[in-house]
Number of protein chains: 2
Amino acid sequence: MKEDQKIPNPVVRRLGLYYRCLNKLYDEGIEYVASKDIASRLGIKSSQIRKDLSYFGEFGKRGVGYNVENLIKKLETIIGVDKNWNVIIIGAGNIGSALVNYPGLKKEKFNIIGVFDADRSKVGKKIGKLTIQHISQLHEFAKKNIIEIAVIAVPENAAQMVTEELEKLGIKGIVNFAPVKLRTNIPVEEVDITLSFKTLAFKIGREGSR
Amino acid sequence: MKEDQKIPNPVVRRLGLYYRCLNKLYDEGIEYVASKDIASRLGIKSSQIRKDLSYFGEFGKRGVGYNVENLIKKLETIIGVDKNWNVIIIGAGNIGSALVNYPGLKKEKFNIIGVFDADRSKVGKKIGKLTIQHISQLHEFAKKNIIEIAVIAVPENAAQMVTEELEKLGIKGIVNFAPVKLRTNIPVEEVDITLSFKTLAFKIGREGSR
DNA sequence: CAATAATTGTGAACTTAGTCACAATTATTA
DNA sequence: TAATAATTGTGACTAAGTTCACAATTATTG
């Protein structure tokens with residue numbers, strides 16, 4: 001294991017994949033698994049998995065493989081999904097609303113505790129169990145609740161302003177659905193849906209010529 | 001320019017970013033732009049942009065920069081967003097519904113022409129202008145319409161089956177929101193929302209220790 | 001028109017990420 | 001218990017991706 005090192009981004013993303021895969025194996029009642037098996041399920045090389053895990057420790061048993069339950073627990077701690085995360089959503093449009101109702105997040109311990117919008121006509125309406133609040137109430141809300149993660153699901157032109165507001169409130173991380181590069185020092189994860197469609201369009205266009 | 005080459009994935013994704021950035025510049029009325037300016041807006045190196053573009057040709061003028069309007073058109077052709085794409089959505093849950101109403105897609109010429117679900121209680125209901133159809137009607141629908149892209153927004157356990165169905169119908173590309181690795185030869189773009197949250201959680205956890 | 005300034009396009013150098021290959025370890029079988 | 005088979009963890013190697021640095025080009029200024 002390499003101590004105290006910067007972990008490459010691709011490794012971090014794959015940790016999530018491993019976690020997902022191991023949970024499936026667990027549900028299938030499998031107790032021990034070899035890196036080779038995980039690899040074939042995920043369509044990657046087994047050495048990749050072993051190397052990725054080696055950033056964090058030695059979790060396997062030579063000649064045997066990994067204990068599924070144990071490795072899940074280890075990954076939970078490494079990734080940080082052994083705890084609950086409080087999440088707020090800024091922007092109650094299509095994407096914001098979909099996220100509030102999306103069961104996947106709650107299942108992974110990302111609890112949405114508030115939804116905010118600048119549009120006063122939306123304020124007071126309910127999405128699932130949550131009532132849409134006006135963005136001006138955010139500051140007050142932040143005093144009463146610990147907010148760790150914020151989702152930006154506002155139009156592009158409002159995204160930077162929202163980011164700066166969130167920074168002031170001491171939010172620890174942002175998931176950004178707006179198609180802009182945010183200028184901030186907080187960790188940001190970009191989820192750009194139309195960008196994915198464009199990437200796909202490009203690939204389709206190249207399919208023939210390969 | 002390097003002819004007939006495989007284009008690295010990161011390059012493809014950045015093309016989309018450049019396209020987005022150039023459109024903003026165009027809206028701001030800027031006629032010529034230097035790679036340095038685009039770079040600073042996107043938080044990357046200018047040499048990166050120049051090298052990326054060099055895969056496809058020489059679009060700039062030395063000492064001057066790039067003509068914004070011209071480069072937009074070039075990128076449109078390269079990416080493939082100079083044409084309209086017909087898209088169907090499989091799965092009328094939170095995410096599927098959000099996408100139907102999401103204006104960003106239509107704006108980028110990805111036209112959603114059908115929504116399908118396996119749940120008969122949803123069939124007949126409307127999302128925006130579209131009526132949810134039962135998945136069994138997909139085959140018939142595909143005979144009457146050209147479908148190029150399908151979005152998989154069904155639960156994990158149904159995703160692989162749907163994929164195989166789509167493959168049979170000759171769909172050209174898939175945007176996959178289900179948290180599984182799809183086994184297929186069709187180009188797939190993964191959009192894994194909870195994976196993004198997990199990656200963010202990991203980064204937040206490391207913030208202090210850097 | 002010569003000198004200056006700006007900026008591209010790209011080969012070379014460098015950095016990061018991924019794969020190989022094998023000693024070390026564990027379990028199983030004869 | 002010795003031989004065999006499976007599988008990890010990792011250093012060395014290979015590949016992929018990024019940045020540097022500079023000749024080539026264009027526009028502008030005196």
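In what follows, chains are A, B, ... by sequence order, proteins preceding strands, each numbered from 1.
Atom C1' of nucleotide C:dA17 and atom CD1 of A:I44 are separated by 13 Å, given to the nearest angstrom. Look at CD on B:E31: it is 17 Å from C1' on C:dT7, rounded to the nearest Å. If you take CG of B:L42 and P of D:dT18, they are 14 Å apart, rounded to a whole angstrom.
Using a 4.0 Å cut-off, some side-chain N or O of B:S35 falls inside it from OP1 or OP2 of C:dT8.
Between C:dG18, D:dT18, D:dT7, one nucleotide has an atom nearer to the side chain of A:R14 than all others, and that is C:dG18. Checking D:dT8, D:dT7, D:dT25 against every side-chain atom of A:Y66, the shortest atom distance belongs to D:dT8. Minimum atom distance to the side chain of B:S54 is reached by C:dT10, of the listed D:dG17, D:dT7, C:dT10. When the nucleotides C:dG9, C:dT26, C:dA21 are ranked by their closest atom to the side chain of A:K61, C:dT26 comes out on top. Closest approach to the A:P10 side chain among C:dG18, D:dT7, D:dA23 is made by C:dG18 (side chain taken as heavy atoms from C-beta onward). Here the side chain of B:A34 is nearest to one of D:dA21, D:dG9, C:dT7, namely C:dT7. Here the nucleotide nearest the side chain of A:K51, chosen from C:dT7, D:dA21, D:dG11, is D:dG11. In this structure, the nucleotide among C:dA17, C:dT10, D:dC20 sitting nearest to the side chain of B:K45 is D:dC20. For A:P8, the side-chain atoms get nearest to C:dA17 when compared with the rest of D:dG17, C:dA17, D:dA24.
Residue contacts shown for A:S46 are absent, as no nucleic acid heavy atom lies under 4.0 Å away.
Note that the two end axes of the helix from C:dC1-D:dG30 to C:dA30-D:dT1 enclose an angle of 0°, each drawn from 5 base pairs, rounded to 10 degrees.
Between A:R50 and A:V64, it is A:R50 whose nearest contact on DNA chain C lies nearer the 5' terminus.
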